[in-house]
Amino acid sequence: MTSAVTATRSGPLLGWLRQDPRRPIALIVGLVLAVAMLPPMWMLIVDSVTTQNAIGEITGMTLDHFAKLFANKDALRSLWNSLVFAAGSTVLSLLLGGALAWLVERTNAPFKVLAYLATIISMGTPYILHVIAWLFLLGKVGPLNEAYRAVTGSSGILFNVNSMAGMILIEGFLWSPLVFLLLGATFRAANADMEEAARMSGASVFQTLRRISLPLAMPAILALALFVFIRAIGGFEVPALVGMPTRIYVLTTDVYEATLKMPPDLGYAASFSIVMVAIVAVLLYFYGRLSKNAEKYHSVTGKGYRPRPFDLGRGRWIAGAIIVVNFLIVLVLPLITLLWMSLLPFLRGFSMAGLSSLTLKNFYTVFTVPGYLELALNSLCVAGGAATAIMAITALAGWIAARRGPGGWVLDQLATLSLVFPGICLGVAVMEVYLRVPLPIYGSLWIIAIAYVIRYMPYGMRYVYSGVLQLHKELEEAAGVAGATSMTTLRRIVVPLLTPALVAGWLFIFLIANKELAIAVLLASPSSKVIAVAIFDLYVNGQGGELAAFGLIWTVLMTLIACLFFAQMRRGSSDVYGN
Amino acid sequence: MLNVRALTKIYANRFDAQAGGVRDVAFDLPAGTFFTLLGPSGCGKTTTLRCVAGLERPDEGRIAVGDRVLYDSADGVAVPLNERGIGMVFQSYAIWPHMTVFENIAFPLRVAKDKRYAREDITRLVDDALATVGLAGYGERPATRLSGGQQQRVALARAIVHRPQLLLLDEPLSNLDAALREEMRAELRRLQRQIGVTTVYVTHDQSEALAMSDLIAVMDRGRIVQMDDPRAIYFRPANEFVASFIGSANLLKGTAIARVEAGGIGAVRLDDGVAIQCLFPAGAIADQAATVSLRPESILLGAPLHPDHAALSGVVVAASFLGGNARYDVRVGERVLRVVGSAETVLAHDSAITLSFPPQAAVVVGNA
């Protein structure tokens, strides 16, 4: 009764806040989220519809940027290139990753462990390292074209990597481990009874796959395809390194170029970003609907239940060969390439002659030049700090949203707003916002950390949200009935039980933040770089040897953290709370 | 002790006209009562319990424990759930998996606002509670290493450790297997008597309700349709719903032949013309429609033992042996009556038999 009395005495707002103790939390978290997430979106819109003078003051409203965009043949070509690039790499990664996932999860093919190994290591490797390795492998002096020349005696090349085909190929390789991981989960959760019923009815393995397994997995596959497509539309590493040298532009590289001009054409970059954001928003809408559909087909079986794998008979050795070849392509070849690059004083093709000039000089440089250590520490701090901030905010926001608490819907929308930003667009938007904020953020590591927080907030939200949904609601209600306040329940019941989800989310964000180049590339300054940007610069400067040495050391470190992540995921799924 | 008045909580439902929730629920329990809310799923029994606990906010009504008002829509009083001092056992038990058994049970003492417990008090009270539920010595176990029955006991210990005036039990036995359920039923009742706490028990299992309760409220579509002691609920169902929900009575339609006083015996002409003597708990006027509830186990197989008893002849159409007894479907005229006989009776299909029952067994019930 006391609280009801104080409520009426202390003014309408305070009273309203005290009625439900979650309201003040929701209000504070909502304000933090709004301050972080809304300005970039607002800034992009403002920039795209205004004219500005040299110091960034708005001088008038205009739709010229859009008009110019749609009259510009190059811009339209970039748009078309983006669609072809994204569609091609989506199809390729689904074929590679999907086939692998099915073989590993549902058949008795040998060498399965290689597929997991490739996934774990690629989880920790910056995309840009893969891209550089592939550029070398498929490049003019790379082993593919060398072999072609040796066999045919011609002086030409078999395959020009700096082409749309090369871009699609490399991007497809980049995404196949993720497809493997996500489709693997789908195949693992599928109800094996349905496949066994088909086999009992007399269907062959292939018939079962075509008529039962694939149609059942189709909603999940389509949803995943859309997801990869969205990520590929926003992909930056491959278009920048593979496409730009031969002037094949896509949306992301076009935006990047506009910001590099002197003075930067921010109106063009912003309006182009708005177009990309609109495309992604539409795709996300359909993605949301598709993944809801996918859940309907998701016939989850009992925990710890292991469906009986298909017996491929003699075909299992062919399947094993596919797994091995994939392992070589996705992991071994790029790593060998990086090792080769790191051990040579200057870049050259694979050759016996090269063996005589092997040296550890690059590794020595990496360990002795202080810039590298500082760079590594910077990257770890920025990614770790961003991951910590995200998990702290989303632990509260995700809990309130999942429990349909006050303002839960708004919190959810705010926290997942940045999903519509391709990384490069978010970079443009964050740069614009913090150029105007009178704090010494621009040009420091802080701006990269802030961009990471905005970018990866949705991932933190997903981890917490699904973590909360796995906790039986009565665990919290019991604490309330036992006399605990909402804050006590949060502190003593919810957070301890959510810890596995919080740790997994933290590790995931930490890993992915250290992988991606697109957000940081526009925000880093010479004095404040993170790993992916530094590798990009080294590549552009032609310091391939140091780049490879540093990249390899970094990959080893990140792989250890990726191992922690997978261990945590495994533990999280075996602990069944509240059932 | 627990006084609930005009409790209303409506859930808007988009899919059909019938909205869920509770309407105008009222009861007043003397201290120490074992009170059961009984009904099918969706009848509002759990909503009522959650309103008392403070987990739901009623639209209207008043809830008081002793002279402490917990909720009153008229005065705007709404005590938050964590200040109500009520003990509750949840359907899923809600044992916190990251704590030991001891910490689970100690939790209400540790978070108590009105009183700070010393460490030795906490140890003593928790050990008392553990002993009360028969789990002495289990304190240091991790909560994840408990069987279903043990989790149930821990949940109970946690609910009573701070000596609440009121104990709420939300279908606590529904997750146990049949044998354990029987055992826990007796155990719960013994415990409740021992500590004397007023208890509200929610279940859809009529045998649980009949076996354990001092007072039962049968709920249907958000309302209490009958509140009585177990025998009255069973033998004098207030309406067709109660009669069929509890013990699956035979319901026979007919009309009263003449005026009958409340509580009197009178004749009912059934739809097929047969007249039988019935008990009229509420009385009736001549030619009033009357539904007669006839319990399967109140019907005797064989000729009437007394001239007042009704006698019906029929033919066995289905017979099933259930171990402890035998069940028969007997066609009498147009209708089929369910009859329970002793395990020794052996009646074949199509055998002709006579059924008889005393007037007190045929109870005229109201319409649902």
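Below, read A as the first sequence line, B as the second, and so on, with proteins coming before strands; counting in each chain starts at 1.
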Which atom pairs, donor and acceptor, lie under 3.5 Å between side-chain atoms of residues 390-398 of chain A and protein residues at least two apart or in another chain?
| residue | atom | partner | partner atom | Å |
| --- | --- | --- | --- | --- |
| A:Thr394 | OG1 | A:Ile390 | O | 2.7 |

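In this structure, B:Leu156 and B:Leu169 have side chains that are in contact, with non-hydrogen atoms separated by less than 4.5 Å.
For residues 35-77 of chain B, the pairs satisfying ring-ring contact (aromatic ring centres under 6.0 Å, His included) are B:Phe27-B:Phe35, with sequence neighbours left out.
For A:Thr488, the part lying under 4.5 angstrom from a heavy atom of chain B is the side chain only. With a threshold of 4.5 angstrom between heavy atoms, B:Leu55 approaches chain A through side-chain atoms but not through N, CA, C or O.
Between B:Tyr201 and B:Phe34, the ring-plane angle classifies as tilted under the 30° and 60° cut-offs.
Between chain A and the residues B:Val89, B:Val111, B:Asp170, B:Leu168, the largest count of heavy-atom pairs under 4.5 Å involves B:Val111.
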